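Let me begin by presenting the structure, written as structure tokens, before commenting on it.
Numbers here are sequence positions counted from 1. Note that the structure is predicted; figures quoted are calculated from it, not measured.
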Amino acid sequence: MQRYVMAIDQGTTSTRCIVFDAGGRLVSVAQREHQHYFPKPGWAEQDAMEIWRNVDRIMPRALREAGIDRAQIAALGITNQRETSVVWDRHTGVPVGKAIGWQDMRTEDLVLELGAHPDAHRVLELSGLPLTTYFSAPKLRWLLDSVPGLRARAERGDVLFGTMETWLIWNLTGGADGGIHITDVTNASRTLLMNLETLAWDADLLSFFDIPRAMLPQIRSSSEVYGATRRVVPGIPIAAALGDQQAALFGQTCFSPGETKCTYGTGSFLLRNTGPAPVRSAHGLLTTVAYQIGSAPAVYALEGSIAVTGSLVQWFRDGLGLISSAPEIETLARTVDDNGGCYIVPAFSGLFAPHWRSEARGIIVGLTSYVTKGHLARAVLEATAWQTREVVDAMNADSGLQATELKVDGGMTTDHLLMQTVADVLDIPVMRPMIIETVSLGAAYAAGLSVGYWADLEVLRRNWHRAAQWSPQQDPERVRAEYVKWKRAVELTFGWSQPTRSNLVSG
């Protein structure tokens, strides 16, 4: 009987269930989008119950479309949008409210307040992460402060906290009837609550954010059997959990220090494997856990998170109406030879790495009557490339290594002009694998390893095959001159928005 591995990819815009074979090839996929809620400026929410219902629908569909039954699934791996946070009643399984998305900025004032505390510097020292709205702890603290009675329930252990993989694993393994409440080290490393060295919840960080330990999940490795599904499709071993960007690093088989990948989606995320010891960033990057296989030592990574890349194309389509579909932006951008002197800095939710300026707001600079929508389209694509360059420069400085190639994945990699532009501004080859579903594949790989479906990392490396490569073509001097202008444009975004105390009031 032929066997397979299943992955659930709970992403920002949709949830997918994918079945892979031993060669890492996609056998079937089922997907459902979920609704987004923006009740106030800067707020971003999702319905965790809707996401759970979607999983209930797509898992059986993926099996049907593959023409296989549950007994042929060796293991299930789960990967997820990382910092999105949900709190639910452990007795009923009902969330206390909408899940707060990773892009949500309602905690701006709270972060400023916490940042003024004498011990605020300890957050970066212990967790490897800066104190910003991006991560889970401020979202959780905001809920505890804003929802009447929630803190008392949390201290009693009557409500549970988790990122989306925790929520799904709890539901799949029984929910209110004995569901397993766990997270893995990669997701825990994104909360601001885990000690980067000990890989455990840190007492000082819990005290700083005033978070009750009773509501937190148990931290486990990224690749081990946590339990078996009892709901939806019962009897499948749940054998891996990784945050989506760490899963992509794993799916790209970046198992050696220095190997780097970038996933181009709604936002874009560069990760570089730095080996068994965390590398502390002095250039605005995040130090995070890349993965941990069973009882082996954890592997660490440097990460540069870019908030707006694919969503800039969506804004160009939906907000401005200049194109009717996302792929049209490449066609429109090719109608001109350059950006016409125009630069777009998409600081819609502030700027993430390497700047970490939550008050920044987006701008378009260099406009003249010469600029057409073609120039604007090219500036949209170049914005992603220049933001990539900023992060790669910071990674090179922090790690002491120069990037020699960049592995890429995600929906935006189908845009050949964008990928060529990235190669030009980085002055290194950019490579895309045959299987671009690297997030799901990474979760499947980690799950398969834990049950012996794949023997070791070298077997996974042999599964990686190049589908496309873009080599630098631009004059380096021209690139340098344009990069100077880009950095000037970025500086103009600083200081536009000032947080207000009203953001602390619950809607």
Side-chain angles (χ1 to χ4, degrees), residues 3-10 17-24 73-82 162-166 168-170 172-173 180-190 194 196 198-200 217-229 236-257 259 261 263 271 273-276 278 288-301 303 435 437-464:
R3 306 195 76 197
Y4 305 87
V5 175
M6 176 181 280
I8 293 173
D9 176 2
Q10 201 299 291
C17 184
I18 300 181
V19 176
F20 293 96
D21 67 12
I73 300 297
L76 167 66
I78 298 178
T79 181
N80 58 289
Q81 51 171 328
R82 297 172 298 181
T163 43
M164 296 310 293
E165 90 297 343
T166 298
L168 294 182
I169 291 171
W170 187 82
L172 284 167
T173 56
I180 298 170
H181 187 218
I182 64 105
T183 187
D184 92 296
V185 288
T186 68
N187 281 291
S189 75
R190 313 296 295 187
M194 189 190 83
L196 199 61
T198 66
L199 306 182
Q218 180 186 9
I219 300 175
R220 305 277 286 272
S221 78
S222 310
S223 178
E224 63 174 280
V225 177
Y226 310 124
T229 58
I236 299 176
I238 302 177
L242 298 102
D244 53 7
Q245 300 312 316
Q246 285 93 336
L249 187 78
F250 206 78
Q252 287 275 28
T253 67
C254 294
F255 302 139
S256 298
E259 293 184 320
K261 73 88 195 174
T263 299
L271 269 75
N273 183 322
T274 60
T288 194
V289 180
Y291 56 86
Q292 183 185 24
I293 305 301
S295 60
V299 173
Y300 292 87
E303 175 176 335
I435 305 297
E437 304 290 350
T438 55
V439 173
S440 300
L441 184 60
Y445 277 168
L449 277 175
S450 71
V451 298
Y453 184 78
W454 287 291
D456 53 36
L457 298 181
E458 287 308 309
V459 172
L460 304 183
R461 278 192 186 276
R462 291 196 292 271
N463 280 348
W464 195 96

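Counting heavy atoms from C-beta outward, L457 and L449 have side chains that approach closer than 4.5 Å. With contacts defined as side-chain heavy-atom distances shorter than 4.5 Å, the pair S256/N273 does not qualify. Looking only at side-chain heavy atoms (C-beta outward), W170 and H181 come within less than 4.5 Å of each other. The shortest distance between side-chain heavy atoms of R190 and Q246 falls below 4.5 Å. Using a 4.5 Å heavy-atom threshold, the side chains of K261 and L249 count as touching. Residues L460 and F250 meet the side-chain proximity criterion, which asks for heavy atoms closer than 4.5 Å.
Of the possible donor and acceptor atoms, none in the side chain of D244 sits under 3.5 Å from a partner among the backbone N and O of V439. For the pair Q292 (side chain) and A296 (backbone), a donor-acceptor distance under 3.5 Å is present. Between the side chain of Y453 and the backbone N or O of R3, at least one donor-acceptor pair lies under 3.5 Å. For T186 (side chain) and V289 (main-chain N/O), no donor-acceptor pair under 3.5 Å exists by modelled atom type. A donor-acceptor distance shorter than 3.5 angstrom exists from the side chain of S450 to the backbone of A239, with no hydrogens or angles considered. For the pair Y226 (side chain) and A241 (backbone), a donor-acceptor distance under 3.5 Å is present.
When only modelled atom types and interatomic distance are considered, T288 and S189 share a side-chain donor-acceptor pair under 3.5 Å.
Remark: W464 pairs with no residue by the ring-ring contact (aromatic ring centres under 6.0 Å, His included) rule, at least two apart or across chains. Taking the side chain to side chain donor-acceptor pair (under 3.5 Å) definition, one finds that S221 meets it with E224, sequence neighbours left out. With sequence neighbours left out, the salt bridge (Lys or Arg N to Asp or Glu O under 4.0 Å) criterion links R462 to no other residue. Contacts of T274 classified as side chain to side chain contact (heavy atoms under 4.5 Å, CB included), with partners at least two apart in sequence or in another chain: V279, Y300, L302. Under the rule for a side chain to side chain donor-acceptor pair (under 3.5 Å), the partners of Q81 that lie at least two apart in sequence or sit in another chain are Q10, Q46, T84. T166 is linked by a side chain to side chain donor-acceptor pair (under 3.5 Å) to nothing, counting only residues two or more places apart in sequence or in another chain.
Heavy-atom minimum distance, A447 versus V5: CB-CG1, 4.3 Å. Looking at every heavy atom in both residues, A301 comes nearest to L271 through CB-CD2, 4.3 Å. When all heavy atoms of D184 and G243 are compared, the pair lying nearest together is OD1-N, 4.2 Å. Nearest heavy atoms, T173 versus A228: CG2-O, 3.6 Å. Closest approach of S223 and A446 over heavy atoms only: OG-O, 2.6 Å. In terms of heavy atoms, A247 sits closest to A443 at CB-N, 4.1 Å.
Within the model, atoms CD1 of I78 and CG of L168 stand 5.5 Å from one another, a figure rounded to the nearest 0.5 Å. Atoms CD1 and CD1, from I182 and I238 in turn, are 8.0 Å apart once rounded to the nearest 0.5 Å. To the nearest 0.5 Å, the span separating CD1 on I73 from OH on Y4 amounts to 8.5 Å. To the nearest 0.5 Å, atom CG of residue L199 and atom CD1 of residue I219 are 7.5 Å apart. Between atom CD1 of residue I180 and atom OG1 of residue T229 there is a gap of 10.5 Å, rounded to the nearest 0.5 Å. For the atom pair F20 CZ and N463 CG, the distance stands at 11.0 Å (nearest 0.5 Å).
For E259 and R461, the salt-bridge test passes: some basic side-chain N is under 4.0 Å from an acidic carboxylate O.
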Side chain to side chain contact (heavy atoms under 4.5 Å, CB included) assessment of I18 paired with D9: CA-CA 8 Å; I18 300 181; D9 176 2; 5.8 Å; no
Checking side chain to side chain contact (heavy atoms under 4.5 Å, CB included) for the pair Y445/L242: CA distance, chi angles, key distance, verdict? CA-CA 11 Å; Y445 277 168; L242 298 102; over 6 Å; no
V19 vs M6, test: side chain to side chain contact (heavy atoms under 4.5 Å, CB included). Steps then yes/no. CA-CA 4 Å; V19 176; M6 176 181 280; 4.1 Å; yes
